[in-house]
Amino acid sequence: MQQVRVRFAPSPTGPLHIGGVRTALYNYLFAKKNNGVFILRIEDTDLVRFVEGAEEYIMDSLKWCGIEVDEGINEGGNYGPYRQSDRKHIYRQYADILADKGDAYYAFDTTEELEALRKNAEKEGRTFIYNSSIRERLRNSLSMPESQWKMLIEKGEPYVIRYKMPVNEDIHFEDLIRGHIVVNTGTLDDKVLFKADGMPTYHLAHLVDDHLMEISHVIRGEEWLPSLPLHFILYRSFGWKAPLFAHLPLLLKPDGKGKLSKRDGDKMGFPVFPLYWPYGETAKGYREEGYYPEAFINMLALLGWNPGTEQEIFSMDELINEFSIERVHKSGSRFDPEKAKWFNHSWLRKRSNNQLALEFRDYLRAQGHHHDIGDLETIVGMVKERVNFVRDIWSETDFFFRAPESYDQEVIRKRWLPETPEQMLELESVLEGIEKFSSENSEQVVKQWISENKYNTGAVLNAFRLLIVGASRGPHLFDIISWIGREETVRRIEKGISVIASQVK
RNA sequence: GGUCCAUUCGUCUAGUGGUUAGGACGUCAGGUUUUCAUCCUGGUAACAGGGGUUCGAUUCCCCUAUGGACUACCA
């Protein structure tokens, strides 16, 4: 049995989009599931669109996601180099092989000439296709005598090598996800395999590399489906065994129509990229927004695939275990930012208090607060169920670290009764009398005091909470006061009474 | 325009020639709680439309509609 070898082959033309990350992820899962090899190949044959920093970004993104590369630029391997610009010397000979056996030809048409032909065709309501219908009338090695085109080449005239598409033939092929597909070559054009700048196009380069690298399965985006017949027929021309193909459905915009794009993220306030992109037009990343890689990966994995069970939370190991290419969907998935948050919430609450406290401590440090891990563990334990991100812990617990600056007017209106100030003063002395200021003790003593005086529990405790928190929110009140301590509690009671008194007047 | 691909609640999806078409996110309501949130319970909501095939179709076939991709010397 042939070893499973798959590759993720992005172009370094900018930051890696989450659709690209998902493609990488599915390749990785498939490889690991089948004890195979996951290869990272950089496809930088387009000199014009190359973007500095993109290659690093791709590798950093995969690393953050926990997608480990087996063979690649940094990892090495027996099939290198793994960057197409470093493999430049390889491709020309393969284009020549096809030309020599008559499956490809040299074409001298300039970009301007072709542009004009396209415009012309469009004007007449036709589509210009460079194929058998017209190739004999254009400037190429099929339409001119051998001596002439050889002379042009010798003179240094720029030219490309095009594939000579058969005239009328049904190409049958299989896709692991989509099944059987038939396309007639009459609708296909004579694709350029080798460019005038001395670089191969995608079609030639990826195919040669996949063959040389002994790729067993090509798992890539649906946008490649239309060129699959070309690739099949190229394998045939070379006399090579084609790998198996699987074309992944697209990721769609959360609302409206179309493919997810960078602008959607900007517009709707969620990232479209795994990491912050610092160059040129900057872009937000999931990492910086506070997402855990586990949650990010979990979410992406389930966008276009699921194992058929009702389980939704998967670790990478579980994904590897459950993944199968046959269960990948055919149709595109709309990305849902709300559910993304829920995944992070689910992963966050799985963390231990200690882990979370460490993460929260880092966050607090950045805000200039310094606290013991033990103290923070108590706090995160109180609120971890209710937050989506570590940074939310701060907005849920800020009153632990500082007395309220203001008091919710709505709560004052509802809960601050004429007798309240006096009750609060009374409460203060009750608290002063508690021996051990723990949550349980103070709760017991306070509740006893309330019932002995026949006060209204809701009224008293809501007013108390208002003084401590400044609003009607937060965890168990006695947990809060025991954490901030008796002194601070008393201080807040006194301050609150006087501030509110001045407002109520 | 042409070629190819797709179509189950708002979204992600399960599922079958006969099911009360299931789950999750969201949303709504109730309960718990001293508050907010969590949590629990319940509700809401879908087989794009039309023809076939069949005793029966959401499921198989065809057509239409809609959506998408591709249609570069970009990947």
Side-chain angles (χ1 to χ4, degrees), chain A residues 9-13 43-46 48-49 107 109-111 114-115 118 121-122 125-130 158-162 175 177-179 181-184 186-189 191-197 199-203 205-206 220-229 247 249-250 252 254-255 257-259 299 302-313 329-343 345 349 382-387 396 408 411 415 443 446-447 450 456-466 469 471-478:
Chain A
S11 288
T13 54
E43 310 220 324
D44 56 347
T45 54
D46 189 344
V48 180
R49 294 205 310 154
D109 318 277
T110 64
T111 309
L114 294 174
E115 195 61 33
R118 274 193 200 95
E122 201 180 324
R126 293 181 298 107
T127 312
F128 172 77
I129 305 182
Y130 201 125
Y159 66 94
V160 300
I161 301 176
R162 285 180 182 273
D175 182 275
I177 294 168
R178 279 143 220 287
I181 300 170
V182 187
V183 178
N184 190 281
T187 64
L188 272 20
D189 63 343
K191 274 273 176 288
V192 171
L193 300 178
F194 202 86
K195 299 185 269 189
D197 66 3
M199 290 297 271
T201 62
Y202 171 82
H203 299 107
H206 96 277
R220 77 233 292 197
E222 189 186 323
E223 67 269 25
W224 293 111
L225 200 51
S227 53
L228 187 51
H247 287 85
L250 264 16
L252 274 17
D255 73 329
K257 323 285 186 196
K259 197 159 77 152
M299 165 197 85
L302 260 31
L303 235 40
W305 170 87
N306 87 75
T309 65
E310 285 180 359
Q311 185 179 350
E312 296 217 73
I313 302 300
H329 303 145
K330 294 179 167 77
S331 51
S333 326
R334 199 152 278 137
F335 174 75
D336 181 5
E338 282 307 312
K339 194 139 185 182
K341 288 182 193 153
W342 176 79
F343 276 111
H345 172 72
R349 54 193 295 191
M382 290 182 221
V383 299
K384 72 194 270 196
E385 301 292 332
R386 57 171 78 199
V387 298
E396 288 290 331
D408 190 308
V411 181
R415 304 289 191 180
E443 176 166 10
V446 168
K447 282 192 170 165
I450 287 173
N456 179 301
T457 309
V460 171
L461 292 181
N462 277 298
F464 187 18
R465 177 179 289 278
L466 180 66
V469 174
S472 174
R473 66 186 174 100
H476 193 59
L477 184 53
F478 296 96

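None of these values were measured; they are calculated from a predicted model. In what follows, chains are A, B, ... by sequence order, proteins preceding strands, each numbered from 1.
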rU38(B) pairs with which nucleotide, Watson-Crick or G-U wobble, both distances below 3.5 Å? none
Minimal heavy-atom distance between H329(A) and R178(A), with the atoms involved, is O-NH2, 4.5 Å
Find the distance H247(A):NE2 to rC5(B):P and express it as a whole number of Å. 12 Å
Taking atom P of rA6(B) as reference, at what distance in whole Å does atom CG of L228(A) sit? 13 Å
Within this structure, what is the CZ-to-P distance between R465(A) and rU33(B), rounded to whole angstrom? 14 Å
Looking only at heavy atoms, the pair that brings L466(A) and D408(A) closest together is CD1-N, 3.9 Å
Heavy atoms from C-beta onward define the side chain here; which of rU11(B), rG22(B), rA14(B) lies closest to that of E310(A)? rG22(B)
Provide the Watson-Crick or G-U wobble partner of rA14(B), both distances under 3.5 Å; none if there is no partner. none
Taking every heavy atom of T201(A) against every heavy atom of V192(A), the minimum-distance pair comes out as OG1-O, 2.8 Å
Indicate yes or no for a side-chain donor-acceptor contact from E338(A) to the backbone of A340(A) under 3.5 Å, with no hydrogens or angles considered. no
Side chain of R178(A), heavy atoms from C-beta onward: which of rA6(B), rU34(B), rA14(B) has the nearest atom to it? rA6(B)
Picking from rU13(B), rA37(B), rC4(B), the nucleotide nearest the side-chain atoms of S333(A) would be rU13(B)
Which residues satisfy the side-chain hydrogen bond (donor to acceptor under 3.5 Å, both in side chains) test with R415(A), sequence neighbours excluded? none
What is the distance, rounded to the nearest whole Å, between atom NE2 of H329(A) and atom C1' of rU11(B)? 14 Å
Distance between the C1' atoms of rC74(B) and rA37(B), in whole angstroms? 50 Å
With heavy atoms under 4.0 Å as the rule, sort L302(A) into base, sugar-phosphate or nothing. sugar-phosphate
Could you tell me whether R349(A) contacts a base, only the sugar-phosphate backbone, or nothing, with contacts defined as non-hydrogen atoms closer than 4.0 Å? sugar-phosphate
Suppose we define a pair by two distances each less than 3.5 Å, Watson-Crick or G-U wobble; what does rU19(B) pair with here? none
Base partner of rU54(B), which must satisfy Watson-Crick or wobble distances under 3.5 Å: none
P-based separation of rC60(B) from rU32(B) [nearest Å]: 48 Å
Can you measure F335(A) atom CZ to rC25(B) atom P for me and round it to whole angstrom units? 17 Å
Provide the distance between the two P atoms, one in rU53(B) and one in rU58(B), to the nearest whole Å. 15 Å
Under 4.0 Å protein heavy-atom contact, by nucleotide of nucleotides 69-75 of chain B - B base, S sugar-phosphate only: SS-SBBB
Give one of base, sugar-phosphate or nothing for P475(A), where a contact means two heavy atoms less than 4.0 Å apart. base
Under a 3.5 Å cut-off for both contacts, is rA6(B) paired Watson-Crick or G-U wobble with anything, and if yes, with which nucleotide? rU66(B)
Which nucleotide, in any strand shown, forms a Watson-Crick or G-U wobble pair with rA75(B), with both distances under 3.5 Å? none
Could you go through V383(A) and E385(A), starting from their C-alpha distance and side-chain angles, then the distance that decides it, and tell me whether this counts as side chain to side chain contact (heavy atoms under 4.5 Å, CB included)? CA-CA 5 Å; V383(A) 299; E385(A) 301 292 332; over 6 Å; no
I'd like to know whether V48(A) forms a side chain to side chain contact (heavy atoms under 4.5 Å, CB included) with D197(A), so could you lay out the CA-CA distance, the side-chain angles of the two residues, the decisive distance to 0.1 Å, and finally the verdict. CA-CA 11 Å; V48(A) 180; D197(A) 66 3; over 6 Å; no
Taking atom P in both rC39(B) and rA24(B), compute the distance separating them and give it to the nearest angstrom. 12 Å
By nearest nucleotide on RNA chain B, pick out whichever of F478(A) and S331(A) is the more 5' one. S331(A)
What does G221(A) touch in the nucleic acid at a heavy-atom separation under 4.0 angstrom: a base, only the sugar-phosphate, or nothing? nothing
Tell me whether the side-chain N/O atoms of N306(A) come closer than 4.0 Å to OP1 or OP2 in rA14(B). yes
Check against salt bridge (Lys or Arg N to Asp or Glu O under 4.0 Å), R49(A) and D46(A): CA-CA 6 Å; R49(A) 294 205 310 154; D46(A) 189 344; 3.4 Å; yes
Can you check the distance between rG68(B) and rC12(B), where both ends of the measurement are the P atom (answer in whole Å)? 14 Å
Under the ring-ring contact (aromatic ring centres under 6.0 Å, His included) rule, collect the residues that match up with H345(A), sequence neighbours excluded. none
Give me the distance, rounded to whole Å, that separates rU16(B) from rA75(B) when you measure between the P atoms they each carry. 42 Å
Write down the distance separating the C1' atoms in rG49(B) and rU8(B), rounded off to the nearest Å. 15 Å
Nearest of rU34(B), rU13(B), rC12(B) to any side-chain atom of K339(A)? rC12(B)
Could you measure between the two C1' atoms, the one in rA48(B) and the one in rC25(B), and give it in whole Å? 23 Å
Non-hydrogen atoms of T45(A) and K195(A) that approach each other most closely: O-NZ, 3.2 Å
Nearest whole Å is fine: how far is rC5(B) C1' from R220(A) CZ? 15 Å
When you measure only distances, ignoring hydrogens and angles, does the side chain of H476(A) come within 3.5 Å of the base of rU34(B) through a donor and an acceptor? yes
Whole Å only: how far is the CZ atom of R334(A) from the C1' atom of rU7(B)? 11 Å
Roughly, in whole Å, what's the span from CZ in R126(A) to P in rG2(B)? 15 Å
